[in-house]
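First up is the structure itself, then whatever we jot down about it.
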Amino acid sequence: MGATYPRELAEVREIVGKMPFLVPGVGAQGGDVALAVSNGRTADGTGLIISSSRGILYASSDDDFATGARAATQKLRDLINASRR
């Protein structure tokens with residue numbers, strides 16, 4: 001399931017119940033974290049593994065890559081957690 005298709009996330013969630021979803025598509029592909037979370041989460045607010053490859057891998061091409069990657073990762077984590085509330 002991709003974050004770029006949040007309506008379909010909701011449809012599949014209805015069919016499969018608590019099965020965990022790997023959800024790519026946030027960041028460079030334009031998927032909306034809040035919509036992915038609200039449409040794909042289970043009744044108890046879990047069930048999603050939201051990934052961001054390019055947003056983290058290309059956070060910086062300089063010597064500060066680790067800092068940039070960490071900042072991008074923390075930003076995504078914060079967006080996910082804010083969307084869960």
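Between L57 and F65, the shortest heavy-atom contact is O-CE1, 3.1 Å. Residues P24 and S51 come closest through the heavy atom pair CA-OG, 3.5 Å. Listed here is the closest heavy atom pair of T42 and K18: CG2-CA, 3.8 Å. Closest of all the heavy-atom pairs between P6 and A36 is CB-N, 4.4 Å. When all heavy atoms are compared, the tightest approach of S83 to A34 is OG-CA, 3.3 Å.
A continuous path of hydrophobic side-chain contacts links F21 to I15 [ILVMFWY only; heavy atoms under 4.5 Å]. V16 and V23 fall within the same hydrophobic cluster, defined by Ile, Leu, Val, Met, Phe, Trp and Tyr side-chain heavy atoms under 4.5 Å apart, directly or through other members.
Other residues, nucleotides and ligands place no more than 12 heavy atoms under 6.0 Å from the CG atom of D63. The neighbour count for R70 CZ, taken as heavy atoms of other residues, nucleotides or ligands under 6.0 Å away, does not exceed 12. No more than 12 heavy atoms of other residues, nucleotides or ligands shown are found within 6.0 angstrom of CD on E14.
With respect to V26, the side-chain contact (heavy atoms from CB on, under 4.5 Å) criterion is satisfied by exactly one of T4, V33, D32: V33.
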- Evaluate side chain to side chain contact (heavy atoms under 4.5 Å, CB included) for V37 paired with I50, printing each intermediate quantity in order. CA-CA 9 Å; V37 170; I50 298 176; 3.7 Å; yes

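The distance from the CG atom of L48 to the CD1 atom of I80 is 8.5 Å, given to the nearest 0.5 Å. To the nearest 0.5 Å, atoms CD1 (I56) and CD (Q74) are separated by 10.5 Å.
In terms of modelled atom types and a separation under 3.5 Å, the side chain of R13 and the main chain of M19 share a donor-acceptor contact.
Taking the side chain as every heavy atom from C-beta outward, R84 and T46 approach each other to under 4.5 Å.
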